[in-house]
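By convention in this document, chain letters (A, B, ...) are assigned in the order of the sequence lines, proteins followed by strands, and residues within each chain are numbered from 1.
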Number of protein chains: 2
Amino acid sequence: MRDEPDNKARLRLWLKLLKVTRSIEAELRERLRIEFASTLPRFDVMSALARNADGLKMSELSGLLKVSNGNVTGIVERLVEDGHVRREPVPGDRRASRVRLTPQGEEEFARQAAEHESWVGGLLQALDPHEATEMNERLNRILREETR
Amino acid sequence: MRDEPDNKARLRLWLKLLKVTRSIEAELRERLRIEFASTLPRFDVMSALARNADGLKMSELSGLLKVSNGNVTGIVERLVEDGHVRREPVPGDRRASRVRLTPQGEEEFARQAAEHESWVGGLLQALDPHEATEMNERLNRILREETR
DNA sequence: GATATTTATTTCAAGTATAAAGTTTCAGGC
DNA sequence: GCCTGAAACTTTATACTTGAAATAAATATC
């Protein structure tokens with residue numbers, strides 16, 4: 001195979017990529033747990049809902065977050081129990097329901113998001129904005145390559 | 001806060017990092033499932049054991065892979081059931097046990113690792129070796145920054 | 001040598017994840 | 001009006017994940 005050596009460099013990169021994201025994820029998860037008694041998946045769901053004030057259907061949510069349908073069911077269920085999120089019927093379609101942040105949910109998410117942003121800023125301090133932007137672009141190339 | 005705008009760039013990078021690793025992970029997981037009836041965590045464990053022919057203690061394994069102790073127990077358990085892995089007593093310490101690949105496990109892992117490497121090579125095709133190496137280095141900086 | 005602490009691992013409870021199967025509803029053709 | 005197939009979800013089975021509690025063995029302390 002002609003480009004086997006190239007693949008070695010890519011494999012090393014992949015392992016490093018995994019290591020970095022896992023360690024950052026672990027750090028964020030722990031802080032969410034300690035400071036907000038929450039979890040990353042819940043944060044992700046609330047984040048998606050915060051960006052969509054009109055709410056999202058379950059299938060839209062699972063599509064956006066790229067997690068399975070059945071998974072979203074459970075996460076939303078717990079958010080409902082905590083009063084952060086509400087299910088509303090979709091007029092004209094009794095199969096679907098629209099999920100939306102409650103006022104308390106909005107407020108809680110605003111607090112979490114502010115903290116989250118500064119946590120990430122701190123964890124990625126080693127990169128200046130230019131490097132961050134460049135890396136972002138290369139990651140975009142990977143993403144595009146992949147969805148072909 | 002003085003560097004709030006910088007944090008925005010870092011936050012964007014973090015979200016992209018998550019997106020890329022998750023989508024690659026999903027792809028690898030699916031291929032492992034279809035072609036080898038296995039999973040990523042199992043592959044990770046076998047990979048660590050392949051690099052340590054003398055075997056590893058459970059705690060060493062969980063330290064290397066950075067997953068919880070309790071987690072490794074279950075994964076190893078299933079690998080034992082499949083005959084890929086064996087537990088051996090550690091002489092002089094009846095608490096510990098050493099986990100090691102069986103001959104079949106070694107053979108199976110060799111097949112999986114070869115495929116895995118070429119899968120990753122394909123998924124990261126968008127980057128040439130130089131870019132891959134540069135990104136690797138920047139990720140190292142993040143990792144170092146973080147563990148302080 | 002009894003007691004306390006530490007170390008190695010497992011067990012447990014809760015949450016997250018997937019794929020696959022099941023339920024209900026909708027929309028189109030007939 | 002009924003049938004068929006697709007769509008929106010939920011349920012189920014299985015696996016992975018964590019943090020914390022439990023167990024058991026080794027080591028340190030007195």
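Here ring pair (Phe, Tyr, Trp, His ring centres under 6.0 Å) pairs that include residues 71-96 of chain A, with residues two or more places apart or in two chains, number zero. Applying the ring pair (Phe, Tyr, Trp, His ring centres under 6.0 Å) rule to pairs touching residues 41-72 of chain B yields B:Phe43-B:Phe109, B:Phe43-B:His116, sequence neighbours excluded. For residues 83-92 of chain B, the salt bridge (Lys or Arg N to Asp or Glu O under 4.0 Å) pairs, not counting sequence neighbours, are B:Arg86-B:Glu88, B:Glu88-B:Arg100.
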Just list the side-chain donor-acceptor pairs under 3.5 Å for residues 48-55 of chain A, sequence neighbours left out, or say none.
unit_1, atom_1, unit_2, atom_2, d
A:Arg51, NH1, A:Ser47, OG, 3.0
A:Asn52, ND2, A:Ala48, O, 2.9

### Message
I'd like to compare against my own output: the B/S/- annotation of nucleotides 3-11 of chain C with a strict under-4.0 Å heavy-atom distance to protein.
### Response
----BSBBB
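Atom CD1 in A:Ile75 sits roughly 13 Å away from atom P in D:dT10 (whole-Å rounding). Between the C1' atom of D:dT10 and the CG atom of A:Leu61 lies a distance of 15 Å, rounded to the nearest Å. Atom NZ in B:Lys66 sits roughly 14 Å away from atom P in D:dG19 (whole-Å rounding).
Salt bridge B:Arg10/A:Glu117: absent, no basic N to carboxylate O contact under 4.0 Å.
In this structure, A:Arg94 reaches the C:dC26 phosphate: one of its side-chain N or O atoms is under 4.0 Å from OP1 or OP2.
Residues satisfying the side chain to side chain contact (heavy atoms under 4.5 Å, CB included) criterion with B:Ser68, sequence neighbours excluded, are B:Asn71. Listed by chain and number, the residues in a side chain to side chain contact (heavy atoms under 4.5 Å, CB included) with B:Glu115 are B:Glu35, B:Phe36, B:Ser118, B:Trp119 (sequence neighbours excluded). Every residue meeting the salt bridge (charged side-chain N to carboxylate O under 4.0 Å, His left out) condition with A:Asp82, not counting sequence neighbours, appears here in chain and number order: A:Arg42.
Looking at residues 14-43 of chain A, you'll see A:Thr39, A:Pro41, A:Arg42 sit with a heavy atom under 4.0 Å from some atom of DNA chain C.
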